[in-house]
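Taking it in order: structure first as structure tokens, then the write-up.
The shown structure was predicted, so the numbers you read here are calculated from the model rather than taken from an experiment.
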Amino acid sequence: MEKKNKYIFKLFGNKDLPAYFLERRNVVRMIVFTTFYSLVFINVFRPFNSENWIPNINSSSYFLYSSILVIVGMVVVSLSRVLMRLFVKKVQLGFFEYILWLVFEAILLAAFYVFIGHEVGFVENYMTENPGTTFWIAMFDIYKKAAANTFWMLLIPYTISLLYLSNEDIKKRLAESENKPAGRIIQFKDERGEIRFSTALENILYIEAADNYVNIKYVNNDKISDFILRNKLKNVEEDMANTPLKRCHRSYMINLVHVLSIKHDQTDISIEFDTTSIKGITVTKTYQDSIIDAFVKYSGQKQ
């Protein structure tokens, strides 16, 4: 049930933002990486002519001041993300809104850096070096350069962080899918190895060979349907090695989740299925042992 004060709408109707973008752990990782990258960026490239902000500054002092600058910027971004977490409790963010938020962060940081430049006398130095420049024109010129450098300074670590988080999420979902019970979703490939048919394991009844084709019998809306696949039964058998679909005859494979019991006679075995739709399928002597072993393994897996 939705909370009373939960207003969910997307401002521009764009795609939902994946939840992992807003997870606290991922937000922290992104901010820490961006902070480290920005510190390296500032000390290597020294944007905004920042080495001239304080006269006769040496490299160690520059590193100290730049570290303070970056840490303060990190605090600003951290506060922004706190506000974002509060914001998403009321409004659902899409990709476009998220990008706008990041752009706003860059604009805010650029303004902050210009303010710092003003406080240390950089604006006055700029006006001295450019005679006839008014204070507001100087501020605007400096802000344009600050904004451009800030966007580039943040674009690369933000892009790397988002790609990394996306990749981590993909690996996580793949691992979760691998840990699910084997054979829940079955995919059938043709003779060229291309997937042609997918369905839930429980829907499949049996598979019958027909020359270079196989006929997959499956349940569709409580009715038995056929899917003709160009492939040999031997190839399908190999593809289904780790599923309850097992070969029981030269021309048949059966789904063992539909087998209720196996009865042993002197030389033959008979199979009782959970549906009357499967009739007349024989388990030949060649496959009897493997069918019995597979029945013990997969019995009771039907959901």
Side-chain angles (χ1 to χ4, degrees), residues 10-12 14 17-18 20-54 62-127 133-165:
K10 287 175 287 184
L11 301 181
F12 297 93
N14 55 305
L17 185 70
Y20 62 84
F21 276 22
L22 302 176
E23 290 178 3
R24 181 176 300 177
R25 177 171 175 267
N26 290 337
V27 170
V28 171
R29 293 162 76 184
M30 185 175 180
I31 292 175
V32 170
F33 174 70
T34 303
T35 300
F36 175 78
Y37 177 89
S38 300
L39 185 60
V40 173
F41 179 88
I42 288 177
N43 280 273
V44 172
F45 295 100
R46 302 199 173 187
F48 326 134
N49 294 321
S50 51
E51 70 275 12
N52 298 322
W53 288 7
I54 302 176
Y62 181 86
F63 179 78
L64 176 62
Y65 286 121
S66 64
S67 298
I68 295 174
L69 195 67
V70 168
I71 290 172
V72 173
M74 181 186 72
V75 172
V76 172
V77 173
S78 298
L79 291 174
S80 171
R81 297 311 168 87
V82 171
L83 290 176
M84 182 186 288
R85 288 181 65 86
L86 295 175
F87 186 73
V88 296
K89 292 181 179 179
K90 297 291 183 180
V91 178
Q92 181 179 356
L93 287 183
F95 272 106
F96 191 74
E97 290 84 5
Y98 184 73
I99 296 300
L100 283 181
W101 196 292
L102 299 186
V103 170
F104 175 76
E105 284 183 356
I107 292 173
L108 183 63
L109 282 173
F112 171 75
Y113 294 140
V114 172
F115 172 76
I116 295 296
H118 174 268
E119 290 300 306
V120 299
F122 179 64
V123 177
E124 287 77 6
N125 292 339
Y126 183 87
M127 293 172 65
T133 303
T134 65
F135 173 78
W136 290 111
I137 291 177
M139 289 286 286
F140 182 69
D141 288 344
I142 293 171
Y143 181 78
K144 286 193 298 183
K145 295 179 180 179
N149 281 281
T150 302
F151 274 107
W152 282 112
M153 186 170 64
L154 295 179
L155 177 63
I156 294 176
Y158 277 6
T159 301
I160 293 174
S161 297
L162 295 179
L163 289 175
Y164 173 78
L165 294 177

Identify the two heavy atoms, one from [X] and one from [Y], that lie closest to each other, and give their separation to 0.1 Å.
X: Leu162; Y: Tyr98; value: CD2-OH, 3.8 Å
X: Leu22; Y: Arg85; value: O-NH1, 3.0 Å
X: Phe33; Y: Ser161; value: CD2-OG, 3.3 Å
X: Ser78; Y: Ile31; value: OG-CD1, 3.8 Å
X: Ala147; Y: Ala110; value: CA-CB, 3.6 Å

Hey, are the side chains of [X] and [Y] touching, using non-hydrogen atoms and a 4.5 Å cut-off?
X: Leu154; Y: Leu102; answer: no
X: Tyr164; Y: Asn26; answer: no
X: Phe151; Y: Ile107; answer: yes
X: Ile142; Y: Lys145; answer: no
X: Leu100; Y: Phe104; answer: no
X: Phe112; Y: Thr150; answer: no

Ser80 (side chain) donor-acceptor with Val76 (main chain) under 3.5 angstrom:
no

So, taking the atom named [atom1] in [X] and the one named [atom2] in [Y], what distance separates them when rounded to the nearest 0.5 Å?
X: Ile71; Y: Ser38; atom1: CD1; atom2: OG; answer: 11.5 Å
X: Ser67; Y: Asn43; atom1: OG; atom2: CG; answer: 6.5 Å
X: Arg81; Y: Leu86; atom1: CZ; atom2: CG; answer: 13.5 Å
X: Met127; Y: Asp141; atom1: CE; atom2: CG; answer: 11.0 Å
X: Arg25; Y: Met30; atom1: CZ; atom2: CE; answer: 15.0 Å

Under 3.5 Å, which donor-acceptor pairs link side chains of residues 133-140 to any protein atom two or more places apart or in another chain?
from, atom 1, to, atom 2, distance (Å)
Thr133, OG1, Asn130, O, 2.8
Thr134, OG1, Ile137, N, 3.3

Could you go through Glu97 and Phe87, starting from their C-alpha distance and side-chain angles, then the distance that decides it, and tell me whether this counts as side-chain contact (heavy atoms from CB on, under 4.5 Å)?
CA-CA 11 Å; Glu97 290 84 5; Phe87 186 73; over 6 Å; no

Using the ring of each side chain (for Trp, its six-membered ring), is Phe41 parallel, tilted or perpendicular to Tyr37, with breaks at 30° and 60°?
parallel

For atom OH of Tyr20, is the number of surrounding heavy atoms from other residues, nucleotides or ligands below 6.0 Å larger than 12?
yes

Between Val70 and Ile42, is the side-chain contact (heavy atoms from CB on, under 4.5 Å) condition met? List the steps.
CA-CA 9 Å; Val70 168; Ile42 288 177; 3.5 Å; yes

